[in-house]
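Inspection log for the structure reproduced underneath, given as structure tokens.
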Amino acid sequence: MQKNIMCTAFVVLFLLFTAFKNKDDSILKVKVTGFEEKASTKIYISVFSKEDFLETSLQTKSVTATGDEVIVEFELPSGEYAVSTYHDGNNNSELDRYFFGKPKEPYGFSNNVKPLGPPSFEKCMFTLNNSLKIVSIKLID
């Protein structure tokens, strides 16, 4: 009897979750290449809106750098976004910079923008519609 109640509760919770899930959400896959494989170092990938570009990310994920590419998936509502990424080669969880601001570690942006300074949102921006979007970024050394 108790097992049946637990099963029923699980099914009800699952149905509620899927019923309230935003059907307008889209899947963004970010593929990052151009890094050196180093044991247990991470690739950080951040998604930004125009309002907080390069200041406060909507979502950030990190994955261990294995092989010659990493792919990270985000679920987001339709809209305009930009992505930045970096390879944390020394595992200190931050993008290290030279005193004049240039990154010391490999980094990149959506649309493979290669800026001389911080890029604009407009150059890195892409539109995410109710479908799968794949953004490929090759890191800059």
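- Among all heavy-atom pairs drawn from Leu139 and Gly34, the shortest one is CB-O, 3.8 Å.
- Atoms OG and CD1, on Ser57 and Ile45 in that order, are 12.0 Å from each other to the nearest 0.5 Å.
- Ile137 has its side chain within reach of Asn112: a pair of non-hydrogen atoms, C-beta onward, lies under 4.5 Å apart.
- For Ser49, the side-chain hydrogen bond (donor to acceptor under 3.5 Å, both in side chains) criterion is met by Glu51, not counting sequence neighbours.
- Side chain of Asn111 to backbone of Phe126: no donor-acceptor contact under 3.5 angstrom is found.
- For the salt bridge (charged side-chain N to carboxylate O under 4.0 Å, His left out) test, residues two or more places apart in sequence or in another chain that qualify with Glu122 are Lys50.
- With side-chain heavy atoms closer than 4.5 Å counting as contact, directly or through intermediates, the hydrophobic cluster containing Ile27 also holds Leu132, Ile134.
- Proximity of Val47 to Leu76: side-chain heavy atoms (C-beta onward) are separated by under 4.5 Å at one or more points.
- The two residues Pro106 and Asp141 come nearest to each other via the heavy atoms CG-OD1, 3.2 Å.
- Residues passing the ring pair (Phe, Tyr, Trp, His ring centres under 6.0 Å) test with Phe48 are Phe53, sequence neighbours excluded.
- For Tyr44, the ring pair (Phe, Tyr, Trp, His ring centres under 6.0 Å) test picks out Tyr86, with sequence neighbours left out.
- Interatomic distance, Leu58 CG to Phe74 CZ, rounded to the nearest 0.5 Å: 10.0 Å.
- Across all their heavy atoms, Pro115 and Gly117 have their closest contact at CB-O, 2.7 Å.
- Each of Ser78, Ser26, Pro77 was scored for a side chain to side chain contact (heavy atoms under 4.5 Å, CB included) with Leu128, with one residue passing: Ser26.
- Ser84 contributes no side-chain N or O that, together with a main-chain N or O of Phe109, makes up a donor-acceptor pair within less than 3.5 Å.
- Both Val72 and Val83 are members of a single hydrophobic cluster when ILVMFWY side chains are connected at heavy-atom separations under 4.5 Å.
- Proximity of Thr64 to Thr41: side-chain heavy atoms (C-beta onward) are nowhere separated by under 4.5 Å.
- Between His87 atom NE2 and Leu95 atom CG the span is 12.0 Å, to the nearest 0.5 Å.
- One hydrophobic cluster, built from ILVMFWY side chains closer than 4.5 Å, holds both Leu54 and Val113.
- Cluster annotation: Tyr81 is not connected to Met125 through the hydrophobic network of ILVMFWY side chains, with a link wherever side-chain heavy atoms come within less than 4.5 Å.
- The OG atom of Ser131 sits 10.5 Å away from the CG atom of Leu28 when rounded to the nearest 0.5 Å.
- Shown here for Ala65 and Val70, the closest heavy-atom pair between the two residues is CA-CG1, 4.3 Å.
- For Lys104, there are no salt bridge (charged side-chain N to carboxylate O under 4.0 Å, His left out) partners, not counting sequence neighbours.
- Applying the salt bridge (Lys or Arg N to Asp or Glu O under 4.0 Å) definition to pairs two or more places apart or across chains, none involves residues 124-135.
- By the ring pair (Phe, Tyr, Trp, His ring centres under 6.0 Å) test, Phe100 is found to be paired with Tyr98, residues two or more places apart in sequence or in another chain being considered.
- Within the structure, the salt bridge (Lys or Arg N to Asp or Glu O under 4.0 Å) test picks out the following pairs touching residues 55-74 (sequence neighbours left out): Lys29-Glu73, Lys31-Glu69.
- A pairwise comparison of heavy atoms in Gly89 and Glu105 identifies N-OE2, 3.1 Å as the closest pair.
- Every residue was checked against the salt bridge (charged side-chain N to carboxylate O under 4.0 Å, His left out) condition with Lys138, not counting sequence neighbours, and none meets it.
- Note on residues 78-103: no pairs pass salt bridge (Lys or Arg N to Asp or Glu O under 4.0 Å), not counting sequence neighbours.
- With values rounded to the nearest 0.5 angstrom, Ile140 atom CD1 is found 11.0 Å from Thr85 atom OG1.
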